[in-house]
Each structure stands twice: as C-alpha cells, then as structure tokens.
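What follows is a single structure, written as structure tokens, with notes after it.
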Amino acid sequence: MNPAPPPPSRRHVLQAGGLTAAGLALAACASETEGPQARRTGAAGTPAPRTTFTEPRTKLSGTLSILLWSHFVPSHDKWFDGFVRDWGRRVGVNVRVDHISVNDLPARIAAEMQARQGHDLLQDISTLSRYEPGVTDLSDLVQEADRRWGKQLDLCRRSSFNPNTGKFYAYSPGWSPDPGDYRVSLWQPAGFPNGPETWDDLLKGGSEIKKSKNIQLGLGMSQEIDSNMAARALLWSYGASEQDAQERVVLNSDEAVAAVEFMTRLFKGSMTNEVFSWNASSNNQGLVAGRLSYILNSISAWRTAQGANPKVADDIGFVPALRGPKAALAAQHVMYNWIVPSHAKAIDAAKEFLLHYTANFASVTYHSKLYDLPGWPSLVPQLSGWLDADPFGARPANKLALLKNAVDWSVNIGYPGPANPAVGEVLGTFVIPNMMARAARGEATPKQAVAEADRRIRQIFERWRSRGLVGG
Amino acid sequence: MSAASGSHRAGRRTLADRDGFLAWVFLLPSVVYIVALVAVPFGLAIALAFSDVTVGDPSYDWVGWQNFERNLGDPVFWRALGNTFLFTGVSMLLIVVFGKVLANILVADFRGKWLVRFLVLLPWTTPVALSTIAWLWLLDSIYSPIDWTLRRLGLIDANLNWLGEPTLEMVSVIAVHVWRLTPLAAVIVMAGLVAIPRDLDEAARVDGAGFWRRMFEITVPLTLPVIAVAALFGAILTFTDMTVVYVLTRGGATHSSEVLASWAYVRGIGGGDVGQGASIALFLFPILLAAAIAILRSVRRMEVL
C-alpha cells in the first residue's frame with residue numbers, strides 16, 4: 001500500500017497558480033495575434049471586403065470601452081471583436097468590448113446613465129432618444145461622415161437627430177429592414193405563389209391556409225419588439241400614425257380605427273391566441289417549425305434555418321411591406337444607435353472608432369450575412385450584387401433582391417416625425433400592440449381601443465414636451 | 001519585554017471580553033449589508049418617486065405627488081395592482097397548503113429520504129430567472145412538452161397556449177410561484193413539526209385519535225405560528241417578484257398578467273420615466289408593511305396563547 005501523498009505546500013500552490021496564469025496569458029496573446037482576417041470568402045466564393053484604415057484626426061491613447069448587443073448573426077460578433085482589437089492596436093487605444101443580450105441592454109444602459117459611469121460607447125438596436133440629456137452631441141461626427149460618404153439615409157437621421165434641440169443624440173450608421181417572410185409551399189396552393197402583396201392578400205391567403213392546413217399567420221400582439229413593428233406597419237399602410245411630422249399626436253383617427261378593425265379580422269380569420277404570448281423569437285421559431293405561414297421579421301430566422309434546416313430555408317420567401325389603402329410601409333427592424341454618454345472618458349476615441357467602423361460598413365454588412373444595411377449607401381457599393389447573388393448560399397441566389405429597394409418601403413419609428421423620446425416611451429411601454437390586442441381579444445371596440453391608446457400617448461408626449469424634447 | 005507582551009495579551013483579552021464590542025463586531029456585516037443594499041436603495045426609491053428623473057436625465061427636480069396622482073388615474077396601474085393581489089393571495093394559500101403536506105412527508109422516515117429532500121428543495125435553490133426560463137420552454141406555445149404529453153395521453157387535441165389564453169396565463173404564473181416557493185414553506189413548517197413534543201402525539205394516539213384529528217387538533221394549532229411565518233414569506237416573495245411574470249409573459253398582451261413590479265420596470269426602464277417607475281414600485285411598501293405587521297402580531301398572539 002502506498003503512503004498517502006503529502007498535502008500541497010503553499011509554495012506548490014503558488015507555483016501552480018503562476019504557471020496557470022502564464023499559460024492563460026500566452027493563450028490570450030496567441031488569440032490576439034490572429035486579428036481580423038482581412039480577406040475571406042463567402043459560401044459562394046465571394047471575397048470579404050478589405051478593411052480600410054484612415055489615421056484618426058487626433059492623437060489617441062488610453063482605454064475605450066464599448067457595450068453592444070450580441071448580434072442575431074453570431075459571425076458578426078466574431079468579426080467585430082477582431083476588427084476592434086486591430087483598430088485599437090493601430091491607433092494606440094486599449095479597447096474593451098462587452099456583448100450582452102438585446103433584452104438586457106435597456107436596463108444596463110439605464111443603470112450606467114444613472115450611475116454616470118460605465119462604458120464610453122453604448123449601442124442599442126432601438127431608439128435611444130430618451131437619453132438625450134445625458135449624452136454627447138454627435139453633430140460633428142455626423143457632419144464628418146456626411147462629408148466623407150454623402151447623405152445619410154433619412155430613416156437613420158430621423159432615428160438619431162432631435163429637430164427641436166438640433167442635437168444628434170445618437171449616431172446611426174446602419175439598420176435592418178423588416179420584410180415579410182412567408183412559406184412558399186403554403187402560399188402557392190392558396191393562390192399566392194409570390195407571397196402576399198397587400199394586407200388584403202394576407203387576410204385572404206392567411207385565412208385560406210389556416211382553414212385548409214390549420215397553420216396560422218405570425219403577427220404578434222404582445223409586449224415585445226416584433227409586435228410593435230407589425231402594428232405600426234399596419235397603421236402606416238392605412239394612413240394612420242401616432243404622431244404627425246410636427247410631432248403632434250394624431251392617433252385617434254378613422255384610419256387608425258380601420259387599421260385596428262382590420263387587425264381584429266385578421267386575428268379572427270388567420271391567427272390563434274398564441275400571438276398574445278409571444279416573445280421576440282417566437283415568430284422565428286414558428287416559421288422555421290412550419291407552424292406559421294407568414295411573419296414580419298428580418299432575415300435572421302431564414303439565415304438560422306439555412307444552417308439548421310436547409311429544406312425549410314429554401315421554402316422561405318420574402319416580400320416587401322404590404323400595401324394598404326394608403327401606403328406600403330414597414331418599420332425598420334433594427335436601427336443601430338450608438339451614444340457617447342456625457343460621463344464617457346474616451347469621447348475622441350469613441351468618435352474615431354465610429355468613423356472607422358462606418359468606413360468599413362461593407363465588412364459589417366458582409367459579416368452580418370447581409371443583415372445590417374448601411375446608413376450611408378455609398379459605403380457598400382457591392383450590396384446590390386450581393387443581394388442579386390447571395391454570397392451565403394441562398395436558393396434561389398437572388399432571394400434577397402427585394403432588399404435593394406428596402407429603403408423605399410422602410411421608415412423610422414415615429415414616422416412621419418422623428419423618433420423622439422415620447423415615441424421611444426410609447427414603443428417601450430407597448431401602447432400600440434396593446435391597442436391592437438385589446439380589440440382583437442374583444443376587451444374593447446376598435447374605436448375604444450384607439451381612443452384609449454391616444455389618451456395614453458398624449459400623456460406621454462405632454463411630459464416629454466414639457467422638457468423641451470418634443471415639438472408640436 | 002515579557003511584561004509588555006503580557007499587558008498586550010491582557011488588553012486583547014479585555015477587548016475580547018467586552019460583550020457590547022463583540023456584539024457590534026458580529027452585527028456589523030449584517031448592518032452594512034442591510035444599509036447598503038436595502039436602506040439606501042429604499043431611500044433612493046422614495047426620493048425618485050417624488051422626482052421627474054428620467055433614464056437620460058438624472059438631475060433631480062421635485063414634483064411632489066404628481067407621479068402618484070398619475071398612477072391613480074392609470075387603468076393599467078389598477079389592473080397591475082389587482083393582478084398582484086390575486087397572484088399573491090392564491091399563491092400564498094397554495095404555498096401554505098402544499099408546504100404543510102410536503103413538510104409532513106419530509107419529517108416521515110422512509111428509504112431515500114435524503115433524495116426526496118434534495119429534489120423538494122431544488123426549486124428553491126435554483127436561481128429564479130433560470131427556473132422561470134425552464135418553465136417558459138415547458139409552456140411554449142409550439143414545443144411545450146406538457147402539451148405534448150397531454151396530447152399523447154389523448155387529453156387534448158391541440159396545444160393549450162398556456163401563456164396566451166388570459167385564464168391559463170394567470171394559472172401558469174401562479175403555478176410557477178407555488179412551485180418555487182413551496183419548498184421554502186415546507187422547510188419552515190418542518191422546523192415547527194419537529195419541535196412538537198413526541199409525547200403529545202403519542203398520548204393522542206393512545207387516546208384513539210386518528211390522523212386527521214391529530215392533524216387539526218394538535219399539529220396545526222401548534223405549528224400555526226410557523227405556518228404564519230411561511231405564509232408571510234410566501235406573500236412577500238410573490239408580491240415583490242417581477243421575474244416570473246416578466247420572463248413568462250412580459251406582463252401579457254393587454255397587461256393581462258401585469259403586476260406592480262413588472263409595470264414599474266416597464267415604465268421606469270422600458271419607457272425611461274424613472275420617477276414614475278419608482279412611484280409604482282413604492283406602492284408595494286405600505287401594503288407589504290401592513291401585511292407583515294398584521295401577520296407578525298397574530299403570530300405573537302398565537303405564541304402567547
């Protein structure tokens with residue numbers, strides 16, 4: 001029998017700890033030297049764009065900390081982290097990047113703003129107008145970007161600029177559209193081989209599919225982001241909106257009542273109570289599972305299916321915003337808003353990084369698998385070609401070609417006005433999808449539901465107007 | 001040298017022997033913890049509730065009772081308040097009943113008792129966010145294994161939409177609260193059960209008292225103070241919880257399962273109106289205080305009797 005080994009001495013423990021730390025440090029250094037791969041190829045052999053670099057306008061140093069979402073397309077984050085590290089090395093700035101779930105961003109940003117400390121650069125995918133009093137004016141940055149790359153898209157500008165204060169509270173270099181995603185094999189037999197083009201088509205085809213196949217439409221009516229977007233698209237298509245161009249509340253209108261009446265009919269004819277319980281991923285799951293015939297969403301559900309279930313992915317088609325009695329408009333699905341809090345220590349570095357990031361937006365678009373589109377269109381001249389022949393294996397290859405005109409049928413939250421703080425609160429407290437749901441559930445008539453929502457919105461606008469942040 | 005070290009040791013002994021000093025030393029971590037993580041945030045919440053602070057503008061302006069007045073005129077606030085009471089009342093009742101039943105099982109002697117105790121305590125020891133996410137998947141409208149099982153057993157034809165039907169949504173929220181808090185109640189009641197002198201029970205048996213008679217004439221009256229404490233914990237933890245509702249339904253369409261805590265979060269963080277959110281959250285305090293005082297007083301009365 002062997003004697004029991006002696007317990008490790010303090011010296012042994014320290015030695016082991018030191019060796020482990022050294023090993024970890026070496027591993028970290030090794031991964032850092034890999035850096036971003038400047039040139040890679042997509043699934044169809046399309047080369048990734050080269051990273052461009054322009055010397056910063058001022059000498060930079062110190063540390064820059066960045067907080068942003070965990071992208072729906074994971075390959076983006078892998079590229080982004082290397083891209084940031086490479087930039088930091090070249091300009092002499094130590095950069096730290098933290099990705100967190102999109103659901104956790106509002107609370108995290110609010111906490112940092114209240115504590116007046118935290119990251120130097122914050123990103124969210126929804127409007128950040130309510131943070132205006134606590135952020136740095138980025139007008140000079142937008143002017144510089146306009147000078148370098150031409151005119152910024154209107155929907156990006158309206159999502160980051162407050163016309164009442166003349167301040168760019170945020171910087172919006174990119175966005176994602178919100179097309180309709182439909183299952184071709186379901187809509188073809190219903191008489192719509194190219195998917196629905198109008199809201200009436202949606203009602204007709206959706207009801208037919210539900211009746212014949214017991215598969216429902218997927219327009220959410222719960223307290224989550226996709227429900228917010230779907231409800232707004234319907235309102236705009238009927239000529240209604242929560243505010244007008246002068247930021248006056250105008251929801252209580254015949255057009256809005258008609259839109260809510262339509263949603264009620266759409267729910268009764270083609271949906272089930274499932275839509276009242278949805279979270280942001282529910283419609284993606286349902287579409288990929290073959291349980292939904294149509295959803296309003298970005299291309300991420302389909303991209304996921306490409307890897308997980310190619311057969312389903314091939315069966316998914318896209319249509320632009322549905323046409324209603326007055327217009328064919330959809331909300332942006334994602335709007336990238338970056339803010340630099342007033343308490344940030346590395347304001348110059350944050351601005352220079354944003355310019356570098358924007359200059360490389362072709363890489364952003366590519367590595368997000370065409371999820372992110374540029375706020376300055378001149379930055380991605382390849383976009384049209386990519387959408388015609390998807391580098392990531394779409395079948396047919398031009399499945400995303402409709403996105404070439406996405407800017408024509410996409411508008412910002414708050415359209416026809418800007419995405420002001422009141423619009424942000426209306427969005428964040430889900431007033432519009434709740435209005436739709438109240439009528440659809442029979443808790444109120446469409447007229448009552450619109451009147452109640454209008455009352456809530458007026459209260460919200462009044463409070464922000466009294467702070468001088470909303471016009472009208 | 002030896003005299004100096006001797007007097008030093010005597011000084012240390014003197015300090016260690018001072019009960020008052022030691023009491024403070026031992027209490028200090030708890031006091032610091034409570035002041036830093038309870039008293040300061042609570043004071044901050046009161047201050048914010050009377051302000052117009054927003055997420056983007058921490059500058060403080062006094063607005064008096066304005067935020068509270070707005071709450072009273074808001075139908076969603078009243079709905080959230082009603083839901084909060086409903087969830088708390090029903091959950092508390094079920095938690096106490098199931099806690100008592102579980103406690104009886106846990107004090108009994110049988111093979112594999114440790115395994116049963118471990119499994120029973122699991123819901124309480126799992127972080128609430130994690131366990132609620134597991135429930136979210138269990139109640140999913142498409143992939144619910146509960147629905148799958150019920151379908152396989154021929155009890156239902158189609159999925160039940162646990163989180164989409166207003167009534168089932170309430171049932172689901174209450175069920176998750178009961179599931180996670182019953183183990184806590186069981187442990188508290190168990191402590192009361194083992195404290196009952198065995199000779200009382202044996203004497204009742206000798207006198208021919210059956211299970212139910214012993215239960216309602218000996219066990220329940222003697223454990224009533226601890227049952228009240230279990231009820232108090234259950235009520236407070238349900239009343240103040242927002243995780244279960246927020247993860248499962250996010251307040252529900254048309255605010256059908258909204259509670260004060262989730263509505264405070266939606267208004268304060270989602271909407272950006274921190275002052276308004278704080279005023280909603282603060283409504284919980286007087287109600288909880290009154291409930292706690294009432295229950296603790298009745299516990300003391302029971303102990304005196």
Side-chain angles (χ1 to χ4, degrees), chain A residues 106-107 109-111 113-116 128-135 169 214 220-224 227 272-279 282 285-286 289 291-292 339 341 421 424-431 433-438 440-441 443-444 449 452 456 459-460 463-464 466-467 469, chain B residues 44 48 52-59 61 63 66-67 70 73-76 79 133 136 139-143 157-169 172 245-258 262-263 265-277:
Chain A
I109 294 175
M113 296 297 285
Q114 288 293 306
R116 300 184 205 202
L128 290 170
S129 48
R130 57 192 180 277
Y131 292 102
E132 181 177 336
V135 299
Y169 52 84
N214 198 26
M221 276 186 270
S222 65
Q223 305 204 60
E224 53 90 31
S227 302
T272 71
N273 279 342
E274 273 182 67
V275 297
F276 298 125
S277 65
W278 276 1
N279 56 44
S282 298
Q285 285 173 7
R291 296 287 303 274
L292 299 174
I339 53 172
E425 184 171 344
V426 173
L427 187 83
T429 52
F430 308 102
V431 178
N434 276 320
M435 171 183 79
M436 296 289 183
R438 287 190 76 211
R441 274 184 159 174
E443 291 180 12
E452 163 62 14
R456 296 195 77 82
Q459 286 176 349
I460 291 170
R463 285 208 298 282
W464 289 102
S466 68
R467 295 166 198 270
L469 296 172
Chain B
L44 202 60
L48 287 172
D52 66 348
V53 169
T54 67
V55 281
D57 187 6
S59 62
D61 291 307
V63 296
Q66 203 180 77
N67 291 328
R70 280 201 197 111
D74 179 3
V76 179
R79 188 163 197 176
I133 288 172
L136 182 67
L139 301 169
D140 188 87
S141 60
I142 297 173
Y143 299 111
D157 295 325
N159 280 10
L160 286 175
N161 293 336
W162 292 98
L163 304 174
E165 303 271 359
T167 312
L168 285 178
E169 185 182 337
S172 303
V245 163
Y246 198 74
V247 171
L248 287 186
T249 68
R250 295 176 68 91
T254 70
H255 307 284
S256 49
S257 54
E258 200 82 72
S262 62
W263 186 230
Y265 178 81
V266 168
R267 292 301 306 270
I269 304 299
D273 197 339
V274 175
Q276 194 71 50

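Both backbone and side-chain heavy atoms feed into the values below; hydrogens, waters and symmetry mates do not. Letters A, B, ... are given to chains in the order of the sequence lines, protein chains preceding strands, and every chain is numbered from 1. The structure presented is a predicted model; accordingly, all values stated were derived computationally and were not measured.
- Side-chain contact check for B:N161 versus A:E274: some heavy-atom pair is nearer than 4.5 Å.
- Looking at B:L139, there are no atoms closer than 4.5 Å to chain A (heavy atoms on both sides), in backbone or side chain.
- There is no contact between B:W162 and chain A, counting heavy-atom distances below 4.5 Å.
- Heavy-atom pairs under 4.5 Å with chain B peak, among A:S282, A:S129, A:A107, A:A111, at A:A107.
- A:N273 contributes no side-chain N or O that, together with a main-chain N or O of B:G164, makes up a donor-acceptor pair within less than 3.5 Å.
- Rounded to the nearest 0.5 Å, atoms CD (A:Q223) and OH (B:Y246) are 8.5 Å apart.
- For A:P106, the parts sitting under 4.5 Å from any heavy atom of chain B are the backbone and the side chain alike.
- B:S59 touches chain A through its backbone: at least one of N, CA, C or O sits under 4.5 Å from a heavy atom, while the side chain does not.
- In this structure, chain A has heavy atoms under 4.5 Å from both the backbone and the side chain of B:T54.
- By the 4.5 Å heavy-atom criterion applied to side chains, B:L136 and A:N279 are counted as neighbours.
- Distance check: B:T254 OG1 to A:R438 CZ gives 7.5 Å after rounding to the nearest 0.5 Å.
- Ranked by heavy-atom pairs under 4.5 Å with chain A, the first of B:S256, B:G270, B:G272 is B:G270.
- Both the backbone and the side chain of A:M113 come within contact range of chain B, each with at least one heavy atom under 4.5 Å from a heavy atom of that chain.
- For the set A:T429, A:L128, A:V426, the count of heavy-atom pairs under 4.5 angstrom toward chain B peaks at A:T429.
- Chain A forms more heavy-atom pairs under 4.5 Å with one residue of B:N159, B:V266, B:D57, B:I142 than with any other, namely B:I142.
- Listed here is the closest heavy atom pair of A:S222 and B:A253: CA-CB, 4.2 Å.
- Options A:A444, A:G428, A:G424 differ in how many heavy-atom pairs under 4.5 Å they form with chain B, and the most are formed by A:G428.
- Taking 4.0 Å as the cut-off between side-chain N and carboxylate O, B:D52 and A:R463 do not count as a salt-bridged pair.
- In terms of heavy-atom pairs under 4.5 Å with chain A, the best-connected choice from B:V274, B:D273, B:T249 is B:D273.
- Interface remark: of the candidates A:E452, A:R467, A:E132, A:R467 forms the most heavy-atom pairs closer than 4.5 Å to chain B.
- Summarising the geometry of B:G271 relative to A:W464, their closest heavy-atom pair is O-CZ2, 4.1 Å, with the distance given to 0.1 Å.
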Dump the intermediate steps for side chain to side chain contact (heavy atoms under 4.5 Å, CB included) on B:R70 and A:Q459, then the final yes or no. CA-CA 10 Å; B:R70 280 201 197 111; A:Q459 286 176 349; 5.9 Å; no

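- Considering only residues two or more places apart in sequence or on other chains, B:E169 meets the salt bridge (Lys or Arg N to Asp or Glu O under 4.0 Å) condition with A:R441.
- With chain A as partner, the option from B:G252, B:G268, B:S257 having the largest number of non-hydrogen pairs under 4.5 angstrom is B:G252.
- Between the CD atom of B:Q276 and the CD1 atom of A:I460 there is a distance of 10.0 Å, given to the nearest 0.5 Å.
- Note: A:R291 leads A:M435, A:M436, A:R291 in heavy-atom pairs under 4.5 Å with chain B.
- Scanning all heavy atoms of the two residues, the minimum distance from A:F430 to B:R250 falls at CZ-NH2, 3.8 Å.
- Heavy atoms of B:E258 lying under 4.5 Å from chain A belong exclusively to its side chain.
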Run the side chain to side chain contact (heavy atoms under 4.5 Å, CB included) check on B:E165 and A:F276 step by step: do they pass? CA-CA 8 Å; B:E165 303 271 359; A:F276 298 125; over 6 Å; no

